[in-house]
Every structure is written in structure tokens, then in C-alpha cells.
**Student:** 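Could you have a look at this structure, given as C-alpha cells, before my questions?
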Protein chains: 4
Amino acid sequence: MSNNSAPNPSRPRKLRADAEANLDRIIDVAEAVFAEHGLDASIDLVAKRAGVGLGTIYRRFANKDALVAELIDRLLAETIAIAERHLHDTHGDGLTRYLYEVCELLSTKRGALARLWSDAANGPMITRSREVQQQLVANAHRHGAIRADLTGEDVAVALWSIHGILDVTRGSTVNAWRRQLDLLLLGFADNTAIPTHPLTPAAMTAIITNKSDRGNAR
Amino acid sequence: MSNNSAPNPSRPRKLRADAEANLDRIIDVAEAVFAEHGLDASIDLVAKRAGVGLGTIYRRFANKDALVAELIDRLLAETIAIAERHLHDTHGDGLTRYLYEVCELLSTKRGALARLWSDAANGPMITRSREVQQQLVANAHRHGAIRADLTGEDVAVALWSIHGILDVTRGSTVNAWRRQLDLLLLGFADNTAIPTHPLTPAAMTAIITNKSDRGNAR
Amino acid sequence: MSNNSAPNPSRPRKLRADAEANLDRIIDVAEAVFAEHGLDASIDLVAKRAGVGLGTIYRRFANKDALVAELIDRLLAETIAIAERHLHDTHGDGLTRYLYEVCELLSTKRGALARLWSDAANGPMITRSREVQQQLVANAHRHGAIRADLTGEDVAVALWSIHGILDVTRGSTVNAWRRQLDLLLLGFADNTAIPTHPLTPAAMTAIITNKSDRGNAR
Amino acid sequence: MSNNSAPNPSRPRKLRADAEANLDRIIDVAEAVFAEHGLDASIDLVAKRAGVGLGTIYRRFANKDALVAELIDRLLAETIAIAERHLHDTHGDGLTRYLYEVCELLSTKRGALARLWSDAANGPMITRSREVQQQLVANAHRHGAIRADLTGEDVAVALWSIHGILDVTRGSTVNAWRRQLDLLLLGFADNTAIPTHPLTPAAMTAIITNKSDRGNAR
DNA sequence: AATGAATGAGTGTTCATTCAT
DNA sequence: TATGAATGAACACTCATTCAT
């Protein structure tokens with residue numbers, strides 16, 4: 001009970017550079033903590049694990065949502081970077097590589113996964129993400145690598161579906177997603193021999209995420 | 001002892017005969033409320049919406065987890081019933097119908113979706129679910145309707161993936177899942193012309209669900 | 001996440017330096033509140049009376065039990081200190097003084113009394129308490145001040161019996177315990193060396209029990 | 001138990017006599033339940049154990065307090081009956097016998113003990129109790145069996161003190177109270193006429209405290 | 001700038017009590 | 001008359017957020 005908070009007079013003052021490092025550590029730790037405990041994990045836990053004060057986190061992020069948003073932004077940026085690396089693949093396999101690499105990434109950074117695709121909703125990063133996905137699809141079409149009726153939206157939704165698998169397998173190292181992606185890509189492939197009926201037309205409109213409903217409804 | 005609880009004079013007491021009806025309403029309302037607000041929605045809200053007192057819910061369910069478990073059980077039972085209806089389909093399309101119907105069901109009952117596949121874990125209902133899925137797959141194999149290397153596990157994972165789509169589209173009526181399922185089933189289909197590489201071998205083991213992360217059973 | 005907790009603008013924030021003082025006030029108030037309303041008194045009430053937020057109490061004590069345990073520990077420590085002060089009394093009256101002083105103490109700090117002797121059970125403090133009681137008894141034996149067959153256990157039980165009197169007289173300032181202790185000590189005394197002082201005069205008036213305080217304070 | 005009345009082949013209606021029996025069973029069960037779990041035990045538990053409906057208890061007793069009060073009244077009545085049996089003991093040992101027998105009784109009926117002496121407060125039964133205690137004391141005085149300055153109040157307080165011992169030893173079968181009463185009576189005794197029998201040997205072992213009875217750590 | 005003590009709204013859960021059957 | 005379903009106030013406890021130091 002006796003709270004022995006002995007003031008350490010000799011503690012070195014944090015330098016500006018440290019502040020930068022702090023920010024990164026906070027983000028990394030938040031990723032890990034949320035991945036381990038879910039988004040309900042407390043900010044306190046993040047602060048403790050990051051070795052910073054609670055206030056420090058709140059200095060960088062207006063609130064918990066903002067921290068999560070940052071996680072999402074960084075993740076999204078990485079997926080876009082992956083896409084851009086494969087935008088000019090010459091064998092029409094850029095799309096395939098994009099999907100495998102992004103899923104690989106998501107399987108290692110599951111912290112903000114639960115809100116990755118719903119939160120960003122219509123933000124600029126999602127827009128950019130859709131853009132590159134469409135380009136990857138266009139490229140694949142050019143090489144006749146995929147069904148003629150496949151769209152960029154199908155790619156986006158494919159990632160949502162993989163997210164579902166990662167969600168169920170949270171906490172395990174199982175990568176069931178890989179095999180399912182194999183199967184899905186088989187369905188993506190151009191296949192003149194098969195289709196007995198045309199695909200259900202894309203009906204996806206703007207996802208209406210009720211922001212205020214999520215988070216600590218508690 | 002002197003518990004000064006003032007009875008609410010406005011709302012009429014429920015009649016004994018309504019007890020059964022109450023239980024059903026609670027479950028239906030819980031489904032709807034959790035679907036709308038996520039599993040973090042308060043029991044209080046469920047009670048309010050169901051027009052019953054808080055205690056009434058706790059009379060039927062030991063705690064929040066038990067209520068969610070009931071939702072899951074009912075949902076799982078329905079998916080099994082669907083499977084059983086298609087166990088003897090004569091054209092090898094039982095599996096396909098099962099998947100569409102189950103997804104249709106899940107898209108209308110999203111309340112407990114977030115924990116549907118992870119919570120039941122190794123319970124008897126999941127076991128039965130796997131069983132019928134395997135039988136559906138076996139039937140499909142008999143008719144040469146699906147790839148020779150497709151297993152019951154692939155079917156289970158397919159549902160996880162659809163769950164991901166439903167999760168992202170929560171709150172909207174969009175049924176993006178249908179088109180994605182079309183594509184996935186194309187991949188399931190036997191296709192001697194195509195396969196560029198063998199499927200990633202099934203690696204799914206027991207899903208280790210970190211119970212403590214789940215809901216706030218407190 | 002969007003936790004709309006509106007800060008109370010009226011009461012000034014506590015200063016960091018007051019932290020220590022806060023802890024002490026919490027403990028003192030808890031003592032008083034439990035003494036007045038019994039251990040069923042709510043933590044909320046303690047917080048209110050102490051002029052701190054509910055969370056402040058939970059910052060110091062893991063839960064209500066921990067708070068009560070602290071009260072018990074402090075009380076027990078005081079009784080041990082009393083014993084130690086009389087361990088070397090030279091006239092064989094250490095035991096007697098110990099008993100009167102401890103009872104005096106208990107009569108002013110009744111908050112945790114109900115669980116004082118049962119909770120600590122076999123903890124280290126109780127062990128120490130028994131130890132010093134035995135030493136006091138040994139000393140008294142050396143001076144022939146008490147019956148030869150009297151043991152340390154009898155002393156422990158004597159305190160339990162006084163606790164019973166304090167329990168019944170809770171809420172009143174009556175110190176019926178004093179006269180009863182006089183009588184008990186007469187029984188303790190070696191029958192050859194008789195009463196050194198007259199009995200405390202009976203002062204018991206109507207016990208004013210605060211009915212509304214008992215029962216489910218809950 | 002049910003009285004002779006001809007075997008009723010149709011629905012067995014509860015007879016008046018059964019109602020009587022019910023009441024007794026409720027009271028006995030309440031005693032036992034409160035003794036086992038403390039006065040915080042729920043009425044529901046009492047009803048269940050007694051094999052009656054909740055409403056039946058509330059038909060007999062206005063509220064929980066009334067049930068406890070009944071327990072107290074019956075207990076008090078028994079102590080008075082004991083006193084009356086010893087009112088005319090011819091050797092001046094009525095008081096002593098009264099005390100041992102009452103304590104024996106209390107040690108077997110601890111259900112309402114916690115409120116026995118405080119609740120009744122100034123009720124008529126307490127008044128009668130004090131009356132007989134005074135008569136017992138008067139008789140003892142007549143025989144020169146006790147100190148001249150001993151009063152009826154001392155006897156009442158003596159019982160409070162034993163209650164304290166029973167409280168601490170709740171849940172254990174230890175009867176530490178007996179030896180302490182021996183000692184106390186030594187103090188009561190006229191100092192010229194000494195111990196008539198040796199002290200009850202100390203039998204105190206580890207007090208087995210039933211943690212679950214304690215407070216509501218929830 | 002960084003810290004962490006303080007705050008209190010919100011949530012799960014219990015249980016005395018009521019009353020329709 | 002007996003039953004037990006229904007009710008909701010009350011309580012322990014958590015955690016996002018603020019702000020004095």
C-alpha cells in the first residue's frame with residue numbers, strides 16, 4: 001500500500017530524439033498489446049508496456065480512437081506500399097503477389113485489424129487503396145490473368161474475408177488464410193471452361209459504419 | 001434489509017403465461033441489439049429494448065456470457081439443420097446450397113457472429129458442424145463437383161472468411177458476401193484445365209482462443 | 001472509446017502532493033464509515049465522505065477486501081505495539097495493561113472489528129500477536145500474578161469476548177466492556193492475590209442500535 | 001409428518017396442519033442457513049432449502065427483518081425458559097447453570113446471533129430477560145455465591161462477550177467459549193469461595209473461518 | 001515536456017420485495 | 001393459499017480522460 005514513489009533526482013531528461021523514439025515505441029507497443037488483448041486493452045497497459053506515462057500517450061493522440069486510427073493508417077500505408085511495388089509487375093501476377101503479401105502483413109499485425117476496413121471507411125487512404133487495387137486488377141486483365149468480370153472491389157472484399165479468418169484464428173499461429181486465399185484466387189482466375197452462372201453483381205456501396213457504436217460501449 | 005426499492009407503477013407486470021414469450025423476446029432482442037451495437041452493448045439496453053426488467057434477463061441467463069452462448073448455440077444449431085437438409089441432395093450441389101443458405105442466415109443474425117466460430121471452440125455443436133460439413137464435402141466429391149483435394153476444413157474456413165465480410169459490412173445491408181462466395185466456389189469447383197500450383201496444405205489445428213480477451217464477463 | 005465522462009468542474013483537483021494525505025484520509029474515513037454503518041457500507045460512501053473520487057480508492061486498494069485488510073493490519077499492528085510496550089513491565093501487570101489498552105483502542109476503532117480476529121486468521125501478524133500475548137502471560141506467571149493454568153490462548157479469546165461487547169454496543173459510547181474486563185481479570189488472577197481495585201461501575205444504559213444501518217446496506 | 005387424514009387420491013391440498021409445519025420448517029431452515037452463510041444469505045436460499053415458494057415466506061413474514069426478528073424472539077424465549085427453570089435452584093448455582101446452558105444453546109443456534117442482543121434492544125422479551133437475570137443474580141447473592149457488587153447487567157454483558165467468541169469461531173466446532181466462561185465465573189465468584197471445578201481445557205485449534213461468509217468481496 | 005494521480009460515468013450482477021396466476 | 005417470475009435499486013469495480021506538478 002505504501003506507495004514508495006521515491007523521486008529520482010538523477011533521472012536523465014528525455015531528449016527530443018527520445019521523444020521521437022517514444023512515439024514509435026508507443027505505436028509498436030499498442031500494436032502488440034491490441035493484438036494480444038484485443039482493442040479493449042487499456043491505454044494504461046500500453047503506457048506501462050511502452051515505459052511511458054499515460055499523459056505522454058495523450059499528448060500524441062487526442063484519445064484512444066486516434067491511437068487506433070494511427071495504427072490503421074500505418075497498416076494501410078504499408079498495404080499501399082506493397083501494391084505500389086507490384087504495380088508494374090510484368091507477368092500479370094502483381095495482383096496475386098499483392099494479396100499474399102498483404103495477408104502476410106495483416107497476419108503479423110493484427111492489433112487494429114478489427115477496425116482496419118471499417119473505420120477508415122471513406123478516408124483518403126482507403127481511396128488510395130482502392131485506386132491501386134483497381135490498377136492491379138487492370139494489369140491482371142491486360143494479361144488475361146483473371147476473369148473479365150473481376151473488379152477492384154472484389155479485391156477489397158477478398159481482404160475483408162481474409163480478415164475474418166485471421167480474426168477467428170487470433171491467438172494461434174495457424175495460417176489457415178493461405179490455403180483459403182489459394183482457393184479464392186483459383187476462383188479469380190480466368191476460366192472459360194466453367195462458369196455455370198454469372199457472378200452475383202457487385203452491390204457493395206459505402207459501408208455505413210456507425211462510429212459511435214464501436215469502441216468502449218461499456 | 002430495508003431495501004427501499006420503489007416499484008415502477010407505470011409498466012404493468014408481466015403475466016406468468018408470458019414467461020416463455022419473454023424468453024424468446026429477450027433472445028431476439030439480444031440478437032438485434034448485439035447486431036446493431038456489437039457485443040459490448042449493455043445488458044441494460046437489451047432489457048430496455050425487450051421491455052423487461054434487468055433481473056428478468058439474469059433469471060434466465062447466469063451472466064452475459066451465457067446469453068451470448070445461447071445466441072451462438074441457436075445459430076450453430078440452425079446451420080447444422082441447414083446442412084442436414086442438404087445431406088442427401090442428389091446432384092452434388094448440397095455443399096453449395098449449404099454455404100449460400102448459411103451465409104444468408106448469418107447475414108441476418110450477426111449478433112453473436114464475432115464469437116460464433118471462436119467461442120464454441122471444441123464444443124459438441126462445433127464437432128457436429130464439422131461432421132456434416134465433411135459429409136457434404138464427401139457427397140460433392142462423389143459427384144465430382146469439387147476439387148479432389150478439397151476438405152471439410154476448407155468449408156469451415158470459408159465460413160470464417162464470410163464472417164469477415166459480414167463484420168466489415170455490419171450496419172449496412174450490403175451483401176458483398178454473395179459475390180465473394182460465388183468466386184470462392186469457383187475456386188472450389190473441379191477444374192482440370194487450370195491449377196497452376198497445388199493448394200497450400202491444410203495446416204489448421206485447434207484454434208487457440210484466448211478466452212480472457214473475449215467479452216467482459218468480468 | 002468515446003467515453004463521455006464530463007469532469008466535475010466544481011471540486012478542485014487534488015494536488016499531487018496531497019496523494020499521501022489522501023491515502024491517510026481514505027483509511028481514516030473508511031474506519032469511521034465502517035464503524036458507523038458496518039462493513040456493508042459502500043465504497044461510494046467512503047469516497048464521498050473522504051472527498052475523493054471512487055477511482056482514487058481503487059487506485060490504492062485492489063478491492064474492498066484489500067481496504068478492509070489494511071484497516072485490520074493497522075489495528076493489529078497497534079495492538080502488537082501495545083504489547084511490546086508492556087513486555088518488560090516490572091510488576092507483572094503488563095498483561096493487565098495490555099488488555100485494557102487494547103480494548104480501549106478497539107473501542108475507538110471498531111470499523112474492521114467484525115473481521116479483525118477471523119480474517120487475519122493465520123497471517124504473520126496474528127502469529128506475532130499470539131507470540132507477544134504468550135510472553136505477557138509468561139511474565140505474569142513469573143510474578144505469580146495469574147493462575148498457573150492460564151495460557152496465551154486465554155488472552156486471545158478474552159479479546160474475542162470483548163469484541164462481542166463492542167459489537168453489541170456499536171453506535172453507543174457505552175463502555176460496558178471495561179467492567180466486564182475487570183471481572184474477567186479477577187478470574188485470571190491468582191486466587192490468592194485478590195482484587196487490586198474495585199470494579200468499574202456499571203454504566204450501561206439503553207443500547208441505541210441504529211436499526212437502519214444494519215441489514216442489506218447493499 | 002402429515003397427519004392421518006384419509007389418503008387423498010386427487011390433488012393433495014395442503015392442510016392447515018401442513019401450513020403450521022411449513023412455518024416451523026421455514027424457521028428451522030432459516031436458522032441453519034443463516035448460521036451457515038451469515039445473515040446475508042438470501043431469502044431465496046431459505047425458500048429453496050425449506051422446499052417452499054418465496055411467496056410463502058413473505059406471507060408469514062413482512063420482510064427479511066421480520067424473519068430474523070422471529071428467530072431472535074424464539075431464541076430469546078428459550079433463554080428465558082432456561083432462566084425460569086433455574087429460578088429456584090436451591091444451592092445458589094442457578095446463575096451459573098443458566099449461563100452455561102444459554103451459551104450452549106447459542107453455540108448451536110448461531111443464525112441470528114449477530115443481531116440477537118442488539119436488535120431486540122428494548123423489546124418486551126429483552127425486558128423479561130433482564131428481569132430473570134436479575135432474579136438469578138439476587139438468588140446467587142442470597143447464597144453468597146457471587147461478589148456483592150455483581151448485578152444483573154453484568155450477566156447480560158457476559159452473554160454479549162460470549163457472543164463475541166462464538167462469532168469468531170463461527171464455522172468451527174471449537175468451543176473456546178466454555179473455558180472463557182469458566183474464567184469469567186471465577187471473576188463473578190465471591191472471592192472467598194473459590195473455584196469449584198477445574199477450567200475447561202483449552203480446545204482452541206485453528207479457527208476455520210468460512211471465507212465465503214465474509215463481506216461481499218463479490 | 002512528461003508524469004501519473006484523480007475523476008466518475010458506465011457496466012455486470014445480486015437480491016429484497018411484489019403480485020399475477 | 002402457495003408459487004415463482006418479474007422488477008429495479010444498489011453496489012463493486014474498470015477505464016478513458018484530464019490536469020497539477
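Predicted model, so just to flag it, every value in this text is computed and none were measured. Side chains are part of it too, since the values below use all heavy atoms of this structure and drop only hydrogens, waters and symmetry mates. Protein chains get the first letters and strands the later ones, always in sequence-line order, with residue 1 at the start of each.
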**Student:** Between A/Asp44 (CG) and E/dA6 (C1'), how many Å, whole number?
**Tutor:** 12 Å

**Student:** Looking at every heavy atom in both B/Ile72 and B/Arg115, which two are closest together, and how far apart are they?
**Tutor:** CD1-O, 3.5 Å

**Student:** Which nucleotide wins on minimum distance to the side chain of D/Arg59, given the candidates E/dG4, F/dA2, E/dG12?
**Tutor:** F/dA2

**Student:** Where do D/Ala41 and D/Val33 come nearest, in terms of heavy atoms and distance?
**Tutor:** CB-CG1, 3.6 Å

**Student:** Please tell me which of D/Gly55 and C/Gly55 maps to the more 5' nucleotide of DNA chain F, matching each residue to the nucleotide holding its nearest heavy atom.
**Tutor:** D/Gly55

**Student:** Side chain to side chain donor-acceptor pair (under 3.5 Å) with A/Glu31: which residues, sequence neighbours excluded?
**Tutor:** none

**Student:** C/Ile57 has an atom CD1; how far is it from atom C1' of F/dC11, in whole Å?
**Tutor:** 13 Å

**Student:** How long is the line joining OH of A/Tyr58 and C1' of F/dA20, in whole Å?
**Tutor:** 18 Å

**Student:** Do the charged groups of A/Arg74 and A/Asp28 touch, with an N to O distance under 4.0 Å?
**Tutor:** no

**Student:** Output every pair passing side chain to side chain donor-acceptor pair (under 3.5 Å) with a member in residues 44-55 of chain D, not counting sequence neighbours, ordered by first then second residue.
**Tutor:** D/Glu36-D/Arg49

**Student:** Would you indicate, yes or no, if E/dA1 has its OP1 or OP2 atom less than 4.0 angstrom from a side-chain nitrogen or oxygen of A/Arg60?
**Tutor:** no

**Student:** Show me, pair by pair, the donor-acceptor contacts under 3.5 angstrom made by side chains of residues 52-63 of chain A, not counting sequence neighbours?
**Tutor:**
unit_1: A/Arg60; atom_1: NH2; unit_2: A/Ala19; atom_2: O; d: 3.1
unit_1: A/Asn63; atom_1: OD1; unit_2: A/Asp65; atom_2: N; d: 3.3
unit_1: A/Asn63; atom_1: OD1; unit_2: A/Ala66; atom_2: N; d: 3.0

**Student:** Provide, to the nearest angstrom, the distance between the CG atom belonging to C/Leu23 and the P atom belonging to E/dG4.
**Tutor:** 18 Å

**Student:** Tell me the closest heavy-atom pair linking A/Ala114 and B/Asp167, and the distance in Å.
**Tutor:** O-OD2, 4.4 Å

**Student:** Could you please name the option among F/dA2, E/dG12, F/dA6 that lies closest to any side-chain atom of B/Asn22?
**Tutor:** F/dA6

**Student:** In whole Å, I'd like the distance from the CG atom of A/Asn63 to the C1' atom of E/dA9.
**Tutor:** 17 Å

**Student:** Select from C/Thr56 and B/Ile43 the residue whose nearest nucleotide in DNA chain E is closer to the 5' end of that strand.
**Tutor:** C/Thr56

**Student:** To the nearest Å, give me how far apart CG (A/Asp40) and P (F/dC13) are.
**Tutor:** 20 Å

**Student:** Compare the minimum distances between each of F/dC13, E/dT18, E/dC15 and the side chain of C/Leu54, then state the nucleotide with the smallest one.
**Tutor:** F/dC13

**Student:** Could you identify which residues of residues 45-53 of chain D place a heavy atom less than 4.0 Å from some atom of DNA chain F, listed by residue number, or say none?
**Tutor:** D/Val52, D/Gly53

**Student:** Taking atom CG of C/Leu75 and atom CG of C/Leu113, what is their separation to the nearest 0.5 Å?
**Tutor:** 7.5 Å

**Student:** If I compare all heavy atoms of A/Val29 with all of A/Val46, which pair ends up nearest, and what's the gap?
**Tutor:** CG1-O, 3.6 Å

**Student:** Give the nucleotide from the list E/dT13, E/dA16, E/dT3 with an atom nearest to the side chain of D/Lys64.
**Tutor:** E/dA16

**Student:** Could you tell me the separation between the CG atom of D/Leu23 and the CZ atom of D/Arg25, rounded to the nearest 0.5 Å?
**Tutor:** 10.5 Å

**Student:** Whole Å only: how far is the NE2 atom of A/His37 from the P atom of F/dC15?
**Tutor:** 11 Å

**Student:** In whole Å, I'd like the distance from the CZ atom of B/Arg25 to the C1' atom of F/dA5.
**Tutor:** 13 Å

**Student:** Stems involving DNA chain E: give each as a range paired with a range, ordered by first number, where a stem means at least three consecutive Watson-Crick or G-U wobble pairs under 3.5 Å.
**Tutor:** E:2-21 with F:2-21

